[in-house]
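Notes follow the structure.
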Amino acid sequence: MEQIKELGNIIQQQKPEVFKELAQADSKKGMLLRAIMEGLVRSDNEASMLIYGKIDQGKKYQMLKRNLKENLIEHINHVTQKNQAFHLQVESECKEKLRLVASLLTNNVFHNAEKILNQVFKKAEQHHIYDVVAEAAALYRQVFSIKGYPDQAEVWDKKVNHHQTISQNHIQAKGFHQIIKSYFVHRCSLLQSQEEKAKEAKQKIKDWIKFSYSPFLALYNNQISMLELIHGNRVSDLTSYITSTEQLVAKNPFLENNVLSFNLLLNKAIISICKGRLNKAEEEINASLETSDYKSFLKFEAQALNFSLKLKQHNYKEAGKIIQEVTSTYEFGLFHKEAKAAWYVKKVYLFLALKSINDNKSIETYLSDISPSTLLLDLDQNCKKLSRDKMGYHVQYLIIRLLLNWQNIADENYYNGKNLQLYYYRNLKEIRELRVKYFFKNLASIAVNEFNKEDILERKIEFTQKIADINYVYTYDLNELIPFETIFNILDPQN
């Protein structure tokens with residue numbers, strides 16, 4: 001039942017006209033699909049009763065359900081094939097022809113096989129699909145074996161080895177990118193060990209490019225570099241890799257795919273936010289929202305950045321709408337605990353922002369599930385997993401927790417401040433997000449001094465002066481939700 005619903009959702013998202021046709025069909029399959037999608041039935045017994053008038057799930061019902069599922073899968077495969085990147089289509093066509101060649105050679109028929117191989121080899125080599133090239137080379141070796149040409153068979157044997165090496169390099173490079181990308185699914189900071197692995201991966205890829213250039217290898221190198229720069233707080237250097245990737249795709253259109261286009265848009269928005277170009281960031285984020293959906297989970301990434309943008313624009317109602325939309329999706333329920341915790345922290349930041357301007361109506365509208373009396377306890381319970389990201393999400397959590405404590409349990413301020421100072425010296429002395437670093441240090445001192453108003457003003461001036469003295473290139477850090485200047489104003493509205 002759930003599988004049919006998921007398949008229906010995919011078709012509804014990608015091809016609404018096809019879904020409409022299937023759901024409106026005057027048949028038992030159409031009736032079953034409508035009932036499942038509209039939530040009219042929740043079990044096979046209910047579905048059987050609706051369609052056949054009896055609970056008994058006999059062969060007719062099981063066959064109907066199976067046929068509907070197969071029908072949906074068939075439509076999804078058709079849609080997916082149309083949406084596939086061009087190089088995947090070429091790969092599919094080449095592999096189909098190679099299967100034909102292999103069948104011919106099994107029966108010692110090599111004349112037609114050789115003609116087909118020649119076409120496939122050239123096309124696959126042109127599009128840098130080296131596993132296909134290696135397979136074609138192996139079949140060429142078989143052709144010359146059948147023909148009794150040992151010299152040619154040996155030549156093609158060397159080509160097989162050469163292209164297998166290149167193919168293996170591609171597989172490994174793709175693996176490097178996937179592993180490094182996995183680091184940042186539930187964290188937003190870059191550990192030194194991860195940075196070393198990224199550099200090691202990039203060096204290997206560069207060596208492979210020297211051995212045999214491939215646009216795919218160049219792309220993996222750029223993608224790893226962009227991840228390293230974003231999470232290592234070197235956003236300024238992103239532009240050259242974005243430009244390089246766009247040029248790479250322009251020269252090799254078969255590299256283009258929806259996820260790559262989305263990531264490039266989002267990376268541009270990250271640069272714009274960090275540089276303080278908020279209007280430009282809004283355009284880029286809106287474009288990324290249009291090219292993504294929640295079912296692929298990409299839209300959550302765009303909305304996380306969008307939420308951060310709205311807080312910096314002091315557009316708290318729009319931030320509230322984002323929270324409502326995101327947390328009400330079916331896919332949000334499938335999130336890992338760490339991902340949900342990161343969104344819970346965002347909710348609490350919004351709560352603080354709305355509370356600071358006495359907008360209780362918006363709190364009731366957008367944050368109705370938050371209970372002020374138990375918020376500290378709820379925050380701690382919901383965000384335990386964030387402690388793994390000591391220079392990222394956990395810093396956001398510690399800052400907001402201290403601010404909530406300041407408002408609710410004043411007698412703990414000194415001890416909380418001391419804990420933050422200890423945390424700073426253990427984990428944040430080498431952090432590259434310098435606005436985060438200096439704000440965290442000053443906030444800890446403010447807490448130790450019991451949020452004394454004169455001390456708040458002094459620390460605010462010290463923070464501003466420090467950022468100016470180091471000529472910091474960013475207006476905001478990536479881990480900065482509410483601008484730190486705004487938090488200083490919340491702490492002491494008079495100054």
I want to check something: taking the side chain as every heavy atom from C-beta on, are D359 and I363 in contact at a cut-off of under 4.5 Å? no

Apply side chain to side chain contact (heavy atoms under 4.5 Å, CB included) to L50 and E46, showing your working. CA-CA 6 Å; L50 177 70; E46 289 179 9; over 6 Å; no

Closest heavy-atom pair and its distance - I285, A302: CG2-O, 4.0 Å

Hey, does the side chain of S368 reach the backbone of T365 with a donor-acceptor pair shorter than 3.5 angstrom? no

Any side-chain heavy-atom pair from L350 and F307 closer than 4.5 angstrom? yes

Closest heavy-atom pair, P372 versus I370, reported as atoms and distance to 0.1 Å, is CD-O, 3.6 Å

Just by modelled atom types, is the V259 backbone N or O under 3.5 Å from a matching donor or acceptor in the N257 side chain? yes

Could you go through I205 and I209, starting from their C-alpha distance and side-chain angles, then the distance that decides it, and tell me whether this counts as side chain to side chain contact (heavy atoms under 4.5 Å, CB included)? CA-CA 6 Å; I205 292 172; I209 288 173; 4.1 Å; yes

Using a 6.0 Å cut-off, check whether atom NZ of K466 has over 12 heavy atoms from anything other than its own residue. no

Looking just at side-chain N and O atoms, do N419 and Y424 make a donor-acceptor pair shorter than 3.5 Å? no

Check this for me, if you would: do E195 and R432 make a salt bridge, where the nitrogen-to-carboxylate-oxygen distance has to be below 4.0 angstrom? yes

Would you find a donor on one side and an acceptor on the other, under 3.5 Å apart, between the side chain of N221 and the backbone of L217? no

Stepwise side chain to side chain contact (heavy atoms under 4.5 Å, CB included) test for L443 and L491: CA-CA 10 Å; L443 183 63; L491 292 173; 4.1 Å; yes

Could you go step by step and tell me if K347 and T327 meet the side chain to side chain donor-acceptor pair (under 3.5 Å) rule? CA-CA 10 Å; K347 288 171 73 171; T327 54; 5.5 Å; no

Aromatic contact, Y366 with Y316 (centres under 6.0 Å): no

Main chain of H170, side chain of Y220: is a donor-acceptor contact present, judged purely on distance under 3.5 Å? no

Is any NZ, NE, NH1 or NH2 atom of the basic residue among K321 and E318 found under 4.0 Å from an Asp or Glu carboxylate oxygen of the other? yes

For P483 and L311 the tightest heavy-atom approach is CD-O, 4.0 Å

For K174, look at atom NZ and say whether over 12 heavy atoms of other residues, nucleotides or ligands are found less than 6.0 Å away. no

Any donor-acceptor pair under 3.5 Å from D477 side chain to V436 backbone: yes

Charged N to carboxylate O below 4.0 Å: is that the case for K280 and E284? yes

What I want to check is whether the side chains of K299 and T329 have a donor and an acceptor closer together than 3.5 Å. no

For salt bridge (charged side-chain N to carboxylate O under 4.0 Å, His left out), just list the numbers for K202 and E228, CA-CA rounded to whole Å, side-chain angles, deciding distance to a tenth of an Å, and then say yes or no. CA-CA 11 Å; K202 287 194 298 179; E228 183 188 4; 2.7 Å; yes

Residues E325, Y294; criterion side chain to side chain donor-acceptor pair (under 3.5 Å); working and verdict: CA-CA 10 Å; E325 182 179 315; Y294 290 115; 2.6 Å; yes

Look only at the side chain of S296 and the backbone of S292, and say whether a donor-acceptor pair between them is shorter than 3.5 Å. no

Do other residues, nucleotides or ligands put more than 12 heavy atoms under 6.0 Å from R234 CZ? yes

Could you tell me whether the side chain of C188 reaches within less than 4.5 Å of the side chain of L478, counting heavy atoms only? no

We want to know whether E364 and N360 form a side-chain donor-acceptor pair, criterion being a heavy-atom distance below 3.5 angstrom. no

Does the side chain to side chain donor-acceptor pair (under 3.5 Å) test come out yes or no for H394 and Y423, once each step is laid out? CA-CA 11 Å; H394 198 238; Y423 190 92; 3.0 Å; yes

Is a side-chain donor or acceptor of H127 paired with a backbone partner of I129 at a separation under 3.5 angstrom? no

I'd like to check D378 versus Y344 (side-chain heavy atoms, cut-off strictly below 4.5 Å). Are they in contact? yes

Looking at E485 and R435, is there a salt bridge between them, counting it only when a charged N and a carboxylate O are closer than 4.0 Å? yes

Looking at L481, L403, L354, which one forms a side chain to side chain contact (heavy atoms under 4.5 Å, CB included) with Y349? L481

Quick one: are D293 and L298 in side-chain contact, heavy atoms under 4.5 Å? no

Is K268 paired with E283 through a side-chain N to carboxylate O contact shorter than 4.0 Å? no

Would you say the ring centers of Y438 and F484 fall short of 6.0 Å from each other? no

Begin from the C-alpha positions of K197 and F176 and carry the test side chain to side chain contact (heavy atoms under 4.5 Å, CB included) through to its verdict. CA-CA 9 Å; K197 284 180 182 177; F176 289 153; over 6 Å; no

With a 4.5 Å limit on heavy-atom distance, are the side chains of K437 and E433 in contact? no

Evaluate the criterion salt bridge (charged side-chain N to carboxylate O under 4.0 Å, His left out) for residue pair E462 and R459; output intermediate values, then yes/no. CA-CA 5 Å; E462 182 182 319; R459 296 294 173 183; 3.3 Å; yes

Return the CD1 to CG distance between I400 and L352, rounded to the nearest 0.5 Å. 4.5 Å

Report the relative orientation of the aromatic rings in H128 and F216; use parallel for angles under 30°, tilted for 30 to 60°, perpendicular for over 60°. perpendicular

W343 ring centre to K340 NZ or CZ under 6.0 Å, with the angle to the axis within 45°? no

Tell me, please, whether Y476 has K312 positioned over its six-membered ring: NZ or CZ under 6.0 Å from the ring centre and within 45 degrees of its axis? yes

Tell me whether N449 contacts the main-chain N or O of F451 through its side chain, where contact means a donor paired with an acceptor under 3.5 Å. no

Partner of Q396 under side chain to side chain contact (heavy atoms under 4.5 Å, CB included), chosen from I482, D389, N479: N479

Taking all non-hydrogen atoms of both residues into account, name the closest pair between Q421 and S445 and its distance. NE2-OG, 3.7 Å

Is the shortest heavy-atom distance from the side chain of F254 to the side chain of Q89 under 4.5 Å? no

Taking the side chain from S387 and the backbone from K384, do they hold a donor-acceptor pair closer than 3.5 Å? yes

Can you establish whether the number of heavy atoms outside Y472 located under 6.0 Å from its atom OH is more than 12? yes

Return yes if some donor-acceptor pair links the side-chain N/O of S182 with the main-chain N/O of I179 below 3.5 Å, else return no. yes

Do N286 and E290 pair up side chain to side chain, a donor and an acceptor below 3.5 Å, judged on atom types alone? no

Residues K29 and N71: closest non-hydrogen pair is NZ-OD1, 3.9 Å

Is a side-chain donor-acceptor pair under 3.5 Å present for H231 with Y183? no

Is there side-chain contact between W208 and S214, with at least one heavy-atom pair below 4.5 Å? no

Between V235 and C274 the two heavy atoms that sit nearest each other are CG2-SG, 4.1 Å

So among N442, D455, N489, which one has a side chain to side chain donor-acceptor pair (under 3.5 Å) with K460? N489

